[in-house]
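Structure first, then comments.
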Amino acid sequence: MLGLMDVFLKNDPISLQKDILHHVEYTVARSRFSFDDFEAYQALAHSVRDRLIERWHDTLIHFKKEDPKRVYFLSLEFLMGRSLSNIVINLGIRDQFADALSQLGFDFEVLAEQEGDACLGNGGLARLSACQMDSLATLDYPAVGYGLRYQYGLFRQVIVDGFQHEQPDYWLNFGNPWEIERIHITYPVKFYGTVTDEFLNGEKCKVWVPGEMVEAVAYDNPIPGYGTRNTINLRLWAAKPSDQHDMESFNTGDYVDAVVNRQRAESISSILYPDDRSYQVALQLNDTHPSLAIAEVMRVLLDEEHLSWHRAWDIICKIFSFTTHTVSPEGLEKIPVDLLGNLLPRHLQIIYDINFNFVEELKKMIGLDYDRLTRMSIVEEGAVKNIRMANLSVICSHTVNGVSRLHSELLRTKLFKDFYDLWPHKFQYKTNGVTQRRWIVVSNPSLCALISKWLGTEAWIRDIDLLIGLRDYATNAELHQEWKMVKKVNKIRLAEYIEAMSGLKVSLDAMFDVQTKRIHEYKRQLLNILGIIHRYDCIKNMDKNDRKKVVPRVCIIGGKAAPGYEIAKKVIKLCHAVAEKINNDNDIGDLLKLVFIPDYNVSVAEMVIPGADLSQHLSTAGHEASGTGSMKFLMNGCLLLATADGSTIEMVEEIGQDNVFLFGAKAHEVVALRKKGPTLKVPLQFSRVVRMIRDGHFGFEDYFKSLCDKIEGTSDYFLLGADFMSYLEAQAAADKAFVDEERWTKMSILSAAGSGRFSSDRTIQEYAENTWDIQPCRCPF
Ligand SMILES: CCc1ccc([C@H](C)CC(=O)N[C@@H]2O[C@H](CO)[C@@H](O)[C@H](O)[C@H]2O)cc1
């Protein structure tokens with residue numbers, strides 16, 4: 001197994017200690033006799049990085065030799081979180097490093113905590129990109145991730161008196177050992193300026209003389225696979241001031257020569273397609289955010305490669321594929337024509353030309369159906385003319401997919417109906433997935449060991465379908481014992497974090513009920529809070545006897561609200577106001593606690609998810625494109641209380657209806673319910689809890705008024721009232737199941753056993769086979 005062995009660097013304890021102390025002295029530049037945990041972390045990180053770089057080079061050399069078709073994954077967001085633990089586990093050298101460190105007097109986990117999260121993204125889409133990079137590497141696919149190296153990560157959420165405050169995330173302040181600055185890999189990126197028609201070697205062509213230029217510099221982040229030597233690249237671009245200061249002085253002549261020189265430098269065409277049979281690259285658009293890449297590749301092919309429009313267009317349509325993560329029309333990106341015309345005049349021209357040809361073609365196919373032509377045009381007419389980036393992406397891509405089966409159905413029947421009716425062959429679905437390396441092996445080592453013990457192999461870490469084997473032991477008493485112990489260990493860790501963070505002591509016997517995701521009206525954190533108020537109110541009105549039957553709950557909510565999203569920020573405040581009331585009500589004691597976990601990010605998720613008994617996914621059906629948090633909870637044996645939305649429907653099919661607490665209107669019922677609006681009967685229990693908020697039971701009644709107004713009467717767009725009773729029934733069913741430990745543990749084991757399909761390995765395999773047409777290219781040595 002030389003392949004996995006590091007060639008130059010040895011992994012025996014002595015070699016590792018030497019390497020770590022070498023980096024303390026020469027990289028971190030601290031005396032090897034006195035350095036603190038953070039410096040030890042930095043030295044450790046550099047020792048690991050050395051082993052990463054070796055495999056990375058070998059992989060790139062192998063790819064160069066084999067020259068396989070590659071996929072370029074373009075995403076504006078990658079939520080990587082911490083890297084150290086994930087990397088040493090994927091390289092298979094965690095234990096060796098842990099031993100070496102303990103002999104130096106350091107604890108691996110303590111040092112791992114020193115690392116800050118790389119938070120280069122918002123939520124689901126961003127973390128999905130990171131999970132997919134891990135699967136692309138592990139499955140040996142020749143892939144490169146492309147993104148931006150933001151100076152600041154996603155804001156830090158600081159809660160003051162229950163209100164969210166945003167703090168800048170200076171994630172690069174202490175350096176980043178996991179990136180390599182490629183000072184020699186730079187590209188001039190042009191903005192503004194004018195486009196003129198010129199004659200070059202007797203040929204008419206467009207010359208764009210920019211008004212401004214910045215230099216894009218590459219930062220490479222090696223991404224190792226698990227159980228393979230393959231280590232692929234995540235290239236993040238940073239913008240640096242260009243040395244070409246005043247463009248004015250740049251006369252057209254010089255500029256044209258410069259273009260010619262650079263042209264000579266890199267004939268991109270030699271990369272794009274060696275011959276016109278097979279295209280050597282696949283470019284994946286992770287939502288519309290990177291879709292300007294279409295116009296940029298077209299510009300290079302036309303203006304720098306001087307291909308005919310037809311040839312260039314042919315290439316575009318064969319190399320681009322597009323994934324949308326959005327359900328609602330208002331989530332689709334539009335760029336004002338003026339803005340784009342000013343910023344990128346040549347790109348706007350090209351988009352107009354693409355649209356002109358498309359509309360001409362369309363007329364031939366559908367005739368002069370102006371409504372449809374207007375809906376399908378890339379250019380949205382109106383007071384402010386806009387470029388519809390989704391239409392551009394669908395028109396220019398050979399494959400378009402949603403991120404769950406229901407989502408893709410909604411794309412076909414609603415969001416992209418016009419395009420589906422025209423090109424049904426383009427539309428596919430690729431249900432999302434998450435990587436079991438980070439979401440079990442890294443974040444839940446005790447569960448990882450337990451699964452390997454009962455399956456008698458660790459092969460499931462690369463081949464998660466093996467997890468199904470746990471079904472055979474779903475009622476095995478011994479496994480039940482050990483399974484409950486693992487959950488207890490993780491609940492203790494979570495309880496300690498909650499106490500450290502909020503001073504609140506929570507009971508381990510209580511059900512840990514978790515809802516952690518971005519705060520958004522369609523995700524209905526408010527429904528959860530109304531359910532908690534109802535539970536509190538019921539307990540308050542119970543006599544001693546009935547209280548004995550109450551299932552103690554620790555309700556945990558966490559998530560960031562977009563800074564400008566007022567309603568979402570009010571939900572966070574309401575959560576704190578209700579918690580204040582309940583947690584300080586000695587009459588209630590441990591029967592009910594509510595905790596808001598601040599600054600929810602990847603590392604916090606790695607600690608919360610393993611400790612959860614129940615997780616809630618309450619989106620109004622038809623609004624969550626997929627959901628991926630639910631998949632992580634499922635893999636960790638946490639039961640789901642959810643609506644039949646996004647990928648949850650497919651999870652129910654995998655693990656069985658009896659192992660999920662489903663509730664609420666189905667996606668196809670929502671439309672009708674909305675139409676009913678004012679005639680919809682609102683349950684008393686619902687009006688009562690809203691009344692309690694309005695009457696100031698939790699204070700701030702004026703501040704919460706708009707929140708209450710939004711969920712009462714016809715404005716209850718997300719149907720909290722309509723789903724309330726069904727929600728309470730599901731909660732009661734969860735209580736009933738929880739007190740039956742035997743049954744709950746069986747449901748928990750069956751949840752994990754049936755979670756294999758929701759590995760990002762399966763998702764990536766489907767993209768590779770059905771969209772990108774790429775094959776694994778495993779590094780032989
Ligand atoms: C331009 C601002 C912006 C930024 C990000 C986004 C993302 C598309 C939002 C997002 O993260 N969507 C989530 O993507 C997940 C991964 O596919 C899905 O599981 C979630 O259902 C979806 O909400 C929209 C708009």
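We count ligands from 1, going down the list as the structure has it; atoms in each ligand are counted the same way.
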Just do the salt bridge (Lys or Arg N to Asp or Glu O under 4.0 Å) check on Glu606 and Arg438 with the steps written out, would you?
-> CA-CA 8 Å; Glu606 289 175 24; Arg438 182 173 291 266; 2.6 Å; yes
Evaluate the 4.0 Å heavy atom contact test for atom 9 (C) of ligand 1: does a protein atom fall under the cut-off?
-> no
Taking N or O atoms only and a 3.5 Å limit, does Ala126 qualify as a polar contact for ligand 1?
-> no
Do Ile655 and Leu634 come close enough that some side-chain heavy atom pair is under 4.5 Å?
-> yes
For Gly124, take its heavy atoms, then give the atoms of ligand 1 lying under 4.0 Å from any of them.
-> 11 (O), 14 (O), 15 (C), 16 (C)
Hey, which atoms in ligand 1 end up nearer than 4.0 Å to a heavy atom of Tyr522?
-> 23 (O)
For atom 20 (C) of ligand 1, which protein heavy atom lies nearest, and how many Å away is it?
-> Glu624 OE2, 3.3 Å
Check whether the ring centres of Phe718 and His623 lie less than 6.0 Å apart, and answer yes or no.
-> yes
So, Thr431 versus Glu650: side-chain donor-acceptor pair below 3.5 Å or not?
-> yes
Strictly under 4.0 Å, does any heavy atom of Arg518 approach an atom of ligand 1?
-> no
Short N/O distance, under 3.5 Å, between Glu77 and ligand 1?
-> no
With heavy atoms of Asp287 as the reference, note each atom of ligand 1 found under 4.0 Å away.
-> 8 (C)
Which of the numbered atoms in ligand 1 are below 4.0 angstrom from a heavy atom of Ala625?
-> 21 (O)
Taking the six-membered ring of Phe163, is the NZ or CZ of Lys569 close enough (under 6.0 Å from the centre) and on axis enough (within 45°)?
-> no
Could you list the atoms of ligand 1 found under 4.0 angstrom from a heavy atom of Val403?
-> 17 (O)
Geometric N/O contact Glu333 with ligand 1, under 3.5 angstrom = no
Phe596 versus Gly559, closest heavy-atom pair with distance | CZ-O, 3.4 Å
Which of parallel (below 30°), tilted (30 to 60°) and perpendicular (above 60°) describes Tyr72 and Tyr146?
-> tilted
Between Ser135 and Asp761, is any side-chain donor less than 3.5 angstrom from a side-chain acceptor?
-> yes
Any N or O of Asn432 that comes nearer than 3.5 Å to an N or O of ligand 1?
-> yes
Does ligand 1 have a heavy atom under 4.0 Å from the side chain of Leu125, from its backbone, from both, or from neither?
-> both
Atom 24 (C) of ligand 1: which protein heavy atom is closest, and how many Å away?
-> His289 NE2, 4.0 Å
Centroid-centroid distance, His617 to Phe633, less than 6.0 Å = yes
So is Arg412 actually on top of Tyr420's ring, under 6.0 Å and inside 45° of the axis?
-> yes
Starting from atom 19 (O) of ligand 1, locate the nearest protein heavy atom and write down its residue, its atom name and how far away it is, to 0.1 Å.
-> Gly627 N, 2.8 Å
Around atom 12 (N) of ligand 1, find the nearest protein heavy atom and jot down its residue, atom name and distance.
-> His325 O, 3.7 Å
